[in-house]
Amino acid sequence: MMQNTWTAVDDYIEQHLIPDNPILQQTLQHTAKRGFPDHLHVAPNQAMLLAMLIQMNGCKRILELGTFAAYSTIAMAQVLPEDGYILTMEGRDTHIALAKENIAASGFSHLIDARLGRAADVIRELPTDTPPFDFIFIDADKQSYPEYLELCLQRSRSGTIIVMDNVIRAAEILNPDNQKPSIVGLRDLFRALEHHPKIASCTALQTVGSKGYDGFALAMVK
Ligand code: DHB
Ligand code: MG
């Protein structure tokens, strides 16, 4: 009762609760056709959680670190009002090229600003008068999450929601023998979130499903 079951239950959830979404379907198909892996996207039910958090809170300005194929980007754009804006960034040129193809095909290019570059560099170089973001999704290289958190907090307002993907990594965060930079970075992230003076509240949820065993952290800015 492991991965096969988790995938079957995710399929069941998707069939019952997640409406058909031809644009996101097309994004997955195009990504696979280009030969990129499937496991780097968030799952459809996870994308729905992001979209619901955005809608529930009336978020209009979104910052995303780690675009990959722009699957989550497009899912978030679909629930934005016409004056919404998503700044998304990706460190790998092959990924941003793919993302741009998927964004163009989605019909949401007018809401999405997709940039190539290391997220820390892109965020540092934003003009100082850039309005704060309402919703932030951190999904880039895990070793840099502590640095990304600090930079994102500087671009937040009171009430900004920050969601961080892949913070559990099949419980490797608890494995003392695992000293990979990504895992060390996640442990440092948890330490940074703990008692952070700029964070009003924070939690993390373990998740199992079609993408394996991982988890989200959620924070609300003070
Ligand atoms: C990896 C990165 C992700 O953001 C994800 O959701 C799953 C896997 C990875 O780098 O392996
Ligand atoms: Mg991820």
Side-chain angles (χ1 to χ4, degrees), residues 2-3 6-7 10 13-14 18 24 27-28 31-32 34-54 62-77 86-99 102-103 112 114-120 122-123 135-149 151-152 161-175 178-190 193 202-219:
M2 289 282 279
Q3 186 57 59
W6 302 341
T7 300
D10 256 3
I13 292 169
E14 196 179 334
I18 312 296
L24 289 180
T27 299
L28 295 182
T31 300
R34 281 270 188 265
F36 289 90
D38 191 50
H39 71 280
L40 298 175
H41 308 288
V42 296
N45 55 335
Q46 295 174 327
M48 181 61 87
L49 174 66
L50 298 176
M52 288 176 69
L53 288 170
I54 288 163
I62 298 175
L63 179 64
E64 182 182 55
L65 290 68
T67 314
F68 178 46
Y71 178 82
S72 50
T73 321
I74 293 164
M76 295 191 288
I86 304 184
L87 174 60
T88 185
M89 58 208 65
E90 170 58 54
R92 298 189 197 172
D93 55 357
T94 51
H95 289 180
I96 201 75
L98 168 69
N102 284 329
I103 292 165
I112 301 171
R115 301 191 194 172
L116 172 65
R118 186 168 179 265
V122 175
I123 296 170
F135 186 92
I136 300 175
F137 184 44
I138 304 179
D139 192 20
D141 60 300
K142 315 312 165 200
Q143 79 177 74
S144 304
Y145 274 25
E147 180 185 13
Y148 294 156
L149 175 67
L151 288 168
C152 288
I161 298 161
I162 305 178
V163 178
M164 292 147 273
D165 194 24
N166 312 110
V167 301
I168 303 296
R169 305 267 70 187
E172 283 302 304
I173 56 168
L174 295 191
N175 176 3
N178 193 331
Q179 295 297 329
K180 280 188 199 161
S182 59
I183 299 298
V184 172
L186 291 172
R187 291 186 195 118
D188 290 344
L189 173 75
F190 275 87
L193 290 168
C202 189
T203 190
L205 299 172
Q206 304 184 68
T207 57
V208 294
S210 58
K211 306 297 174 175
Y213 170 26
D214 215 316
F216 282 128
L218 288 88

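Both ligands and their constituent atoms are indexed starting at 1 by order of listing. For reference, positions follow the sequence shown, starting with 1.
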Using heavy atoms and a threshold below 4.0 Å, how should the contact between Lys142 and ligand 1 be classified: side chain, backbone, both, or neither? side chain

Of the non-hydrogen atoms in Arg115 and Leu87, which two are nearest, and what is the gap between them? NE-CD1, 3.4 Å

Can you label the angle between the Phe36 ring and the His95 ring as parallel, tilted or perpendicular, going by 30° and 60°? perpendicular

Has Ser182 got a side-chain atom pairing as donor or acceptor with Gln143's backbone, closer than 3.5 angstrom? no

Minimum-distance pair of heavy atoms, taken over all atoms of Asn102 and Ala69: ND2-O, 3.0 Å

When distances are taken from atom 11 (O) of ligand 1, the protein heavy atom at minimum range is Arg169 NH1, 3.6 Å

Do me a favour and list the nearest non-hydrogen protein atom to atom 9 (C) of ligand 1 with residue, atom name and distance? Leu40 CD2, 3.5 Å

Considering just N/O/S atoms, say which atom of Asp139 is closest to the Mg ion (ligand 2). OD1

Polar atom proximity, His41 to ligand 1 (N or O, under 3.5 Å): no

Looking at atom 3 (C) of ligand 1, what's its closest protein heavy atom, distance included? Asn166 OD1, 3.1 Å

Between Asp214 and Asn166, which heavy-atom pair has the shortest distance, and what is it? OD1-CA, 2.9 Å

Any idea which heavy atoms bring Val42 and Ser72 closest together, and the distance? CG2-CB, 4.0 Å

Checking one value in my table: which N/O/S atom of Asp165 lies closest to the Mg ion (ligand 2)? OD2

Would you kindly specify which portion of Asp165 sits under 4.0 Å from ligand 1, judged on non-hydrogen atoms: side chain, backbone, both or neither? side chain

